[in-house]
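By convention in this document, chain letters (A, B, ...) are assigned in the order of the sequence lines, proteins followed by strands, and residues within each chain are numbered from 1.
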2 protein chains.
Amino acid sequence: MRLTTKGRFAVTAMIDLGMRHQRGPVTLAGISDRQRISLSYLEQLFGRLRRQGIVDSVRGPGGGYTLARPMTEITVADIIRAVDEPIDATQCGGLGNCHDDRECMTHDLWMSLNARIYDYLDSVHLAELVQQQLDKPEQCAGKKHEHRRVVGSADLKVAANG
Amino acid sequence: MRLTTKGRFAVTAMIDLGMRHQRGPVTLAGISDRQRISLSYLEQLFGRLRRQGIVDSVRGPGGGYTLARPMTEITVADIIRAVDEPIDATQCGGLGNCHDDRECMTHDLWMSLNARIYDYLDSVHLAELVQQQLDKPEQCAGKKHEHRRVVGSADLKVAANG
DNA sequence: TAATAGTTGACCAAAATAATCAGGATTAGT
DNA sequence: ACTAATCCTGATTATTTTGGTCAACTATTA
Ligand code: FES
Ligand code: FES
């Protein structure tokens with residue numbers, strides 16, 4: 001399990017896709033423009049998402065990407081797993097080349113920690129995140145925008161200009 | 001929030017420390033040998049952990065590192081926060097330099113996702129992980145074992161608070 | 001007291017690895 | 001044929017990881 005900007009970009013892009021997939025295929029150029037993510041990078045990410053069966057692609061003019069499954073059946077963990085290929089296990093790489101009993105602690109430890117985090121990320125569905133975005137009143141609709149503190153713990157300090 | 005091998009190594013090392021801090025300071029050389037983590041890397045990691053007040057250091061012969069707080073008051077998020085300096089927010093960096101209405105989705109999205117993950121990792125204490133290791137019988141004592149891609153979703157269940 | 005050895009502390013630089021981007025090739029609609 | 005889009009493969013950049021050196025500190029020993 002790895003959690004970097006790569007996985008986050010993928011989740012962001014998938015939400016963008018989820019918000020407008022009803023109106024036909026969504027182009028990566030559009031996502032790139034809206035979310036300010038490099039088009040080349042998106043292509044790479046969606047290449048993996050497609051091979052993992054999370055999205056479908058339509059080539060040619062009028063094409064783009066569309067969801068391969070309903071949003072309720074796509075979890076955040078699915079997305080991250082697809083683009084951020086999982087670390088196998090530990091330094092043993094699944095071969096168990098540790099010769100003593102103590103080294104295996106690392107192995108089990110990472111595996112269980114991974115499992116716990118995955119277990120959580122598997123409980124968050126794309127539908128929730130999309131709905132969460134749609135529920136927001138036009139927070140920054142053209143004018144000065146004001147961020148609500150949807151999250152309790154982070155010290156969200158935003159300097160809204162205006 | 002970032003979750004890479006860096007944070008994982010730190011967690012692994014902290015569990016090793018937690019398992020034997022009762023018998024006095026633990027040397028990084030010992031952790032390096034047991035967990036197969038580069039000594040230089042450990043020094044770097046524990047330098048941060050010390051500055052964050054998570055561990056204390058004792059120099060000279062018989063020295064090493066010891067926990068600065070009881071294990072029940074150290075969370076996984078604490079450790080990861082200490083070694084893996086958190087990403088600020090998004091590309092706007094908390095300043096809201098997005099000029100249009102749509103970009104802010106990224107901001108709130110990442111913030112809330114971060115908060116959810118931190119919220120979870122804050123609920124996992126070092127004491128649990130240490131106990132989890134101590135509870136394990138000799139899992140791979142000289143025996144050959146094969147590893148699989150257990151990172152599915154429900155393959156590896158964790159018995160927390162055992 | 002003085003010397004010695006074991007240990008952290010801070011720093012730098014190279015090597016390994018991963019993230020990010022650029023350009024061209026391929027497919028399909030008009 | 002032309003264009004809009006996905007696909008593919010390599011290059012560039014950033015980050016992680018390791019290795020090394022030297023100084024500071026402290027317990028042990030002579
Ligand atoms: S067997 Fe995988 S780390 Fe020991
Ligand atoms: S204000 Fe932070 S991303 Fe728009």
Side-chain angles (χ1 to χ4, degrees), chain A residues 1-13 17 20-21 24-33 35-52 54-68 80 82-88 90-91 93 106, chain B residues 1-13 17 21 24-33 35-68 80 82-88 90-91:
Chain A
M1 175 68 184
R2 212 172 300 177
L3 190 54
T4 65
T5 56
K6 198 172 181 177
R8 248 176 276 260
F9 279 153
V11 172
T12 302
L17 172 56
R20 51 193 94 223
H21 77 118
V26 180
T27 68
L28 293 190
I31 298 179
S32 168
D33 192 47
Q35 308 299 336
R36 299 295 149 92
I37 304 173
S38 153
L39 177 59
S40 311
Y41 203 26
L42 280 177
E43 286 170 350
Q44 176 182 322
L45 296 180
F46 274 78
R48 291 182 183 233
L49 290 170
R50 179 180 56 85
R51 282 180 225 112
Q52 293 292 324
I54 296 176
V55 299
D56 280 334
S57 65
V58 181
R59 303 178 80 161
Y65 284 92
T66 179
L67 294 175
I80 293 175
V83 300
D84 231 346
E85 55 212 285
I87 300 175
D88 210 341
T90 62
Q91 47 264 42
T106 309
Chain B
M1 173 71 183
R2 210 174 300 178
L3 189 54
T4 65
T5 56
K6 197 171 182 178
R8 247 178 275 261
F9 278 154
V11 172
T12 302
L17 173 55
H21 77 119
V26 180
T27 69
L28 291 189
I31 298 178
S32 170
D33 193 45
Q35 308 299 336
R36 300 294 150 91
I37 304 173
S38 154
L39 179 57
S40 311
Y41 204 25
L42 281 177
E43 286 169 350
Q44 177 182 323
L45 297 179
F46 273 78
R48 291 180 182 235
L49 290 171
R50 181 181 58 84
R51 284 181 223 109
Q52 293 291 324
I54 296 177
V55 299
D56 280 335
S57 65
V58 181
R59 303 178 82 158
Y65 284 91
T66 181
L67 294 175
I80 292 175
V83 301
D84 231 347
E85 54 214 283
I87 300 173
D88 211 340
T90 63
Q91 45 263 39

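- Of the candidate nucleotides D:dT6, C:dT8, C:dA10, C:dT8 has the atom nearest to the side chain of B:Leu28.
- B:Ser32 places a side-chain N or O within donor-acceptor distance of the main-chain N or O of B:Ile37, the cut-off being under 3.5 Å.
- Within 3.5 Å, a donor on the side chain of A:Ser40 pairs with an acceptor on the base of C:dA22, or the reverse.
- One distance of note links CG of A:Leu42 with OH of A:Tyr65; it measures 9.5 Å at 0.5 Å rounding.
- Closest approach to the A:Ser57 side chain among D:dA5, D:dC7, C:dT8 is made by D:dC7 (side chain taken as heavy atoms from C-beta onward).
- Only one option out of B:Val83, B:Val55, B:Ile31, B:Leu28 pairs with B:Leu45 in a side chain to side chain contact (heavy atoms under 4.5 Å, CB included); it is B:Val83.
- The stretch residues 41-50 of chain A comes close to DNA chain D through A:Glu43, A:Arg50, each having a heavy atom under 4.0 Å from the strand.
- Contact annotation: A:Thr4 side-chain N/O to C:dA19 OP1/OP2 distance is under 4.0 Å.
- To the nearest 0.5 Å, the span separating CG on A:Leu39 from OG1 on A:Thr27 amounts to 8.5 Å.
- Rounded to whole Å, atom P of D:dC7 lies 10 Å from atom CG of A:Asp56.
- Distance, A:Leu39 CG to D:dC7 C1': 12 Å, rounded to whole Å.
- Between A:Ser38 and C:dC21 there is a side-chain N or O to OP1 or OP2 distance below 4.0 Å.
- Here A:His21 contributes atom NE2 and A:Thr66 contributes atom OG1; the two are 6.5 Å apart, rounded to the nearest 0.5 Å.
- Looking only at distances, no side-chain donor or acceptor of A:Thr5 sits under 3.5 Å from a matching main-chain atom of A:Arg8.
- In this structure, B:Leu3 atom CG and D:dT16 atom P are separated by 12 Å, rounded to whole Å.
- As rounded to whole Å, 13 Å separates atom C1' of D:dA5 from atom CD1 of A:Ile31.
- Atoms CG (B:Asp33) and P (C:dG6) sit 16 Å apart, rounded to a whole Å.
- Distances were taken from every side-chain heavy atom of A:Arg51 (C-beta onward) to each of D:dT6, D:dC8, C:dA19; the shortest belongs to D:dC8.
- Taking the six-membered ring for Trp and thresholds of 30 and 60 degrees, A:Phe9 and A:Tyr41 have ring planes more than 60 degrees apart, a perpendicular arrangement.
- Taking atom CZ of B:Arg59 as the reference point, atom P of D:dA23 lies 13 Å away to the nearest angstrom.
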